[in-house]
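Notes follow the structure.
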Amino acid sequence: MAEKFFDEHEMKTISTLSDIIIPRDEISGSATDAKVPDFIEFIVKDMPGHQIPMRGGLKWLDVQCMKRFKKTFVDCTPAQQIEMIDEIAFPEQAKPEMQQGVAFFNLMRDLTATGFYTSEIGIKDLGYMGNRPNQWDGVPQDVLDQYGVKYDQRTLEISVKYNT
Amino acid sequence: MSNLQIKKKPEKYDVCIVGSGAGGGMAAYMLANAGVKVLILEAGPMYDPAKNVTQLKWPWESPRRGASSKFRNFGDFDAAYGGWQLDGEPYTHKDNTKFDWFRSRMLGGRTNHWGRISLRFGPKDFKRKNIDGLGDNWPIGYDDVAPYYDRVDQLIGIFGSQENIPNEPDGIFLPPPKPRLHELFIKDAGTALNIPVIPSRLSILTRPLPTNNKRGACFYCNQCNRGCTVYGDFSSSSVLVKPAIETGNVTVVANAMAREVITDNQGLAAGISYLDKNDGVEYEVSARVVVLAASACESARLLLNSKSLNHPNGLANSSNIVGKYLHDSTGASMGGFLPQLVGRKRYNEDGVGGMHVYTPWWLDNKNLDFPRGYHIEYWGGMGMPGYGHGFGMQHSNGKYPDKNGKMKPAGGYGASLKEDHRHFYGAYFGMAGRGEAIAREDNYCEIDPTTVDKFGIPVLRFHYKWSDHEILQAKHMKETFEEMIHKMNGVVTWGKSSAENNWGLEAPGRIIHEVGTTRMGDDRKKSVLNKYNQSHDCKNLFVVDGGAFVSQADKNPTWTILALSMRASEYIMEEMKNRIFRHNYYGQEKIFKNTSGWYFSSYRNS
Ligand SMILES: Cc1cc2nc3c(=O)[nH]c(=O)nc-3n(C[C@H](O)[C@H](O)[C@H](O)COP(=O)(O)OP(=O)(O)OC[C@H]3O[C@@H](n4cnc5c(N)ncnc54)[C@H](O)[C@@H]3O)c2cc1C
Ligand code: SF4
């Protein structure tokens, strides 16, 4: 997989977009911190079905920006970029002529999220606590209390128990 | 290849088993432990879950984050060496019908990565025709199989609970794990709707087995599909074939693709011809008994490809039934989102590699517009992210208030989108029905007259259509799912369907419970095997995979495959003792009885 699918300009656009979608905040780093663009480069080669929607979508975005701002997306100012993104990031509010952009941004949002939340940074952010040896002894008591549920007597009697 | 030749293997075996999945693994285990000399031919490579480890790997350790790929249909981490398509081994379809065929080629077959849902068939399941007049009864009943279910439970290990539900026989169970949080909600909803939700029955060791110190107890990583390094779950490779090899009575030839069953001039099975994929050489090996366990469709294929003077229609096929009555479980599913679970507290919720509760069939079909039942499987909660995690946020985050109780437009980006991912994590769940289809003669696999695979073996062609029985059942599933979800105050996010798409009924084959292709019966004109999985036409030939099923019940098939294979193996040993299989390909056979009454191994070198 040494061969690149995206050219340098496309990769730059992907990086910018992914950091707009998942920026750094007080809890965790950004999409590029989690190497999401590398993941996207890999996955479009692995799942060729993503190739045309991604390549075409990036082009669509640049053409829109050229029309509006006479610049490609990455050369726009951050404010211009956001102005553009706001047109395509909200499927239910977008104008009919923006629908292709919406579809592209949905895909970009999906791939960015998946790349991010399957990275070490992303999993820590989510707070997933498994994937390690454990002794499952049921839902913690404070959580049961929070939801006002409990294990009935029979369940407690028949289930496997641990002295934790 | 000008130098193509067929080499005869000098060794002679008592029993040659083709395939090492549930059926083949059990036969090998039983026979080897009784002192029978066994050869296993396995089309895939050797495999040991303790050595081929993806357990406890993190998603970022895979460049595709565990996603599926062309030849790893269940993803990078899954233990399956195989999938819906195998390179160079096609299958075809007749009349534009659909059937998807899942094959795993590896020691242990599909049991290395199956769901471990291990349900006994009940008394009614063997005699459905008596109830609704459809299909056929089995030639055996629950009482015939029950002692073997008991022994399978004890040998392999299964957790569950005593419920005394008439058609869901209890087993010899290890204690079940407690339900997860969403499973408690499911249980409450079920109780309110009179839908039973009981502890699931999975072949996973919540406690070590008293009789087996080579297998560890489950440590709740939720990854049984990846293969368990401590053998905490059932895989034929680790739990049956490995100990069978340790008896010293089993030879395994891996990467050996069986081509045909060879018969002698009396029409009895004499051995197997196979291609050794390691050296590319064609071999023939002799055995006194041949046991097919290559999976239901593959065993049918072998039989149909084994044509001879005595068996012009394929072996064991004087009835013309081989390949017919193919049926898979029905399946339909729906999923959603539990608003009460947003922003939930984090803890390790992995549990065992599957659901902790399920719903057995609970209604009487007399009062319904479809004849057979289904059970419901559940999933959800705070699982490990993999490829696909976080997809489709625009379908959730516009519908519910965010962390701060504010409604927002769907989709979006930035810090608030990140908040939404945290907020909605662990609030999704799903359910799937697995139902009984009616076995029909006109759903079948046969040999495609024009197509061969890369080994030159004629391939299977499928013809399969659902009927209204299955479609109306799927409709009922969907109605039940919606009711359950609404009762939980959940929201359906996917899986709503209508008559146009058959109520979301999955294509035949998708549930991977295909059975029935060499069905058993008392009438040799209407069945391939007798009630001991033995061919009517060819007495030293057995089929011990799902092919033998007359009907597939609303249960998953594997526990019954295991029980029937155990039963057939004992019958084989009995018949060997009685020397029914004595026939003349050994030339000057000398009968020899050792002190235990077994004679067959002793005379091999004579
Ligand atoms: C993802 C998944 C989940 C499942 N979940 C469940 C579940 O929860 N409960 C349940 O009961 N069932 C489940 N099943 C079904 C279960 O796996 C099968 O019922 C079971 O494995 C069938 O056993 P078998 O011995 O008939 O065939 P297999 O396990 O398929 O084994 C057949 C073996 O034969 C070999 N073989 C094939 N052709 C040849 C040849 N020509 N020569 C030599 N060797 C050959 C194959 O390589 C393979 O190793 C699941 C299956 C899958 C894929
Ligand atoms: S869930 Fe338990 S049995 Fe399954 S792989 Fe993990 S430790 Fe093994």
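Per chain, numbering begins at 1; letters A, B, ... match sequence-line order.
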### Message
For residues 216-223 of chain B, give me every residue with a non-hydrogen atom less than 4.5 Å from any non-hydrogen atom of chain A.
### Response
B:F219, B:Y220, B:Q223

### Query
Where on B:P199 is there a heavy atom nearer than 4.5 Å to chain A: the side chain, the backbone, both, or neither?
side chain

### Message
Give me the atom names and distance for the closest heavy-atom approach of A:S119 to B:R65.
### Response
N-NH1, 3.9 Å

### Message
Which atoms of A:I158 are under 4.5 Å from chain B, going by heavy atoms: the side chain, the backbone, both sets, or neither?
### Response
both

### Message
Below 4.5 Å, heavy-atom pairs only: which of B:M393, B:R180, B:E419, B:E61 has the largest tally toward chain A?
### Response
B:R180

### Message
Ring-plane angle category for A:H50 and B:Y387, please: parallel below 30°, perpendicular beyond 60°, tilted otherwise.
### Response
tilted

### Task
Examine whether an atom of B:M384 lies under 4.5 Å from a heavy atom of chain A, and if so say whether it belongs to the side chain, the backbone or both; otherwise answer neither.
both

### Query
With chain A, which of B:K57, B:Q55, B:R344 has the greatest number of heavy-atom pairs at distances under 4.5 Å?
B:K57

### Query
So, do A:D125 and B:H421 sit near enough that their side-chain heavy atoms are less than 4.5 Å apart?
no

### Message
Taking side chain as everything from C-beta outward and backbone as N, CA, C, O, which of these in B:K408 sits under 4.5 Å from a heavy atom of chain A? Side chain, backbone, both or neither.
### Response
neither

### Summary
The interface call for A:I43 against chain B, heavy-atom contacts under 4.5 Å, is side chain

### Query
Closest approach of B:W58 and A:R132, non-hydrogen atoms and distance?
CH2-NH2, 3.9 Å

### Task
With a 4.5 angstrom heavy-atom cut-off, could you sort out which part of B:S62 is near chain A: side chain, backbone, both or neither?
neither

#### Entry: Gap between atom CE of A:M47 and atom CZ of B:R64 - 0.5 Å precision
7.5 Å

### Task
Show your working on side-chain contact (heavy atoms from CB on, under 4.5 Å) between B:K418 and A:F116 and close with a plain yes or no.
CA-CA 10 Å; B:K418 250 178 133 177; A:F116 183 78; 3.9 Å; yes

### Query
Does anything in residues 94-114 of chain A get under 4.5 Å of chain B by heavy atoms, and if so which residues?
A:F105, A:N106, A:R109, A:D110, A:L111, A:A113, A:T114

### Task
Could you look at B:L56 and say if it's the side chain, the backbone, both or neither that has a heavy atom under 4.5 Å from chain A?
both

#### Entry: chain B contact residues among residues 15-34 of chain A, heavy-atom distance under 4.5 Å
A:I20, A:I21, A:I22, A:P23, A:R24, A:D25, A:I27, A:S28, A:G29

### Message
I need the B:T206 OG1 to A:K161 NZ distance, nearest 0.5 Å.
### Response
11.0 Å

### Message
Run the side-chain contact (heavy atoms from CB on, under 4.5 Å) test on B:F159 and A:V160 for me, step by step, so that the C-alpha distance in whole Å, both residues' side-chain angles and the decisive distance to 0.1 Å come before the verdict.
### Response
CA-CA 9 Å; B:F159 69 72; A:V160 62; over 6 Å; no

### Query
Side chains of B:Y413 and A:I82: does their closest heavy-atom pair fall under 4.5 Å?
yes

#### Entry: Where at least one partner belongs to residues 138-147 of chain A, residue pairs that pass salt bridge (charged side-chain N to carboxylate O under 4.0 Å, His left out), sequence neighbours excluded
A:D142-B:K345

## Note on the structure
Scanning both residues in full, the closest heavy-atom pair of A:W136 with B:K178 reads NE1-O, 2.8 Å

### Message
With a 4.5 angstrom heavy-atom cut-off, is it the side chain or the backbone of B:F185 that approaches chain A, or both, or neither?
### Response
side chain

### A:K150, NZ atom: more than 12 neighbouring heavy atoms under 6.0 Å
no

### Task
Determine, stepwise, if the pair B:L184 / A:Y147 fulfils side-chain contact (heavy atoms from CB on, under 4.5 Å).
CA-CA 10 Å; B:L184 282 173; A:Y147 290 96; over 6 Å; no

### Query
Rounded to the nearest 0.5 Å, how far does CE of B:M382 lie from OH of A:Y128?
10.0 Å

### Message
Looking only at heavy atoms and a cut-off of under 4.5 Å, which of B:G426, B:P59, B:G351, B:S69 has the most pairs with chain A?
### Response
B:P59

#### Entry: side-chain contact (heavy atoms from CB on, under 4.5 Å) between B:Q394 and A:F90, intermediate numbers included
CA-CA 8 Å; B:Q394 70 274 17; A:F90 302 97; over 6 Å; no

### Task
Measure A:Q93 against the heavy atoms of chain B and call it side chain, backbone, both or neither at under 4.5 Å.
side chain

#### Entry: Heavy atoms from other residues, nucleotides or ligands near NZ of B:K399 exceed 12 (cutoff 6.0 Å)
yes

### Message
Is B:D350 close to chain A through its backbone or its side chain, or both, or neither, when contacts mean heavy atoms under 4.5 Å?
### Response
side chain

### Query
Looking at B:P177, B:G388, B:P63, which has the largest count of heavy-atom pairs under 4.5 Å with chain A?
B:P63

### Task
Could you tell me which portion of A:I88 (side chain, backbone, both or neither) has an atom closer than 4.5 angstrom to a non-hydrogen atom of chain B?
neither

### Query
Checking B:L174 against chain A: side chain, backbone, both or neither under 4.5 Å from a heavy atom?
neither

### Query
In terms of heavy-atom proximity below 4.5 Å to chain A, should B:R207 be classed as side chain, backbone, both, or neither?
side chain

### Task
Name the option with the most non-hydrogen atom pairs under 4.5 Å to chain A; the candidates are B:S68, B:P179, B:G66.
B:P179

### Message
Counting heavy-atom pairs closer than 4.5 Å to chain A, which one of B:G390, B:G392, B:P409 comes out on top?
### Response
B:P409

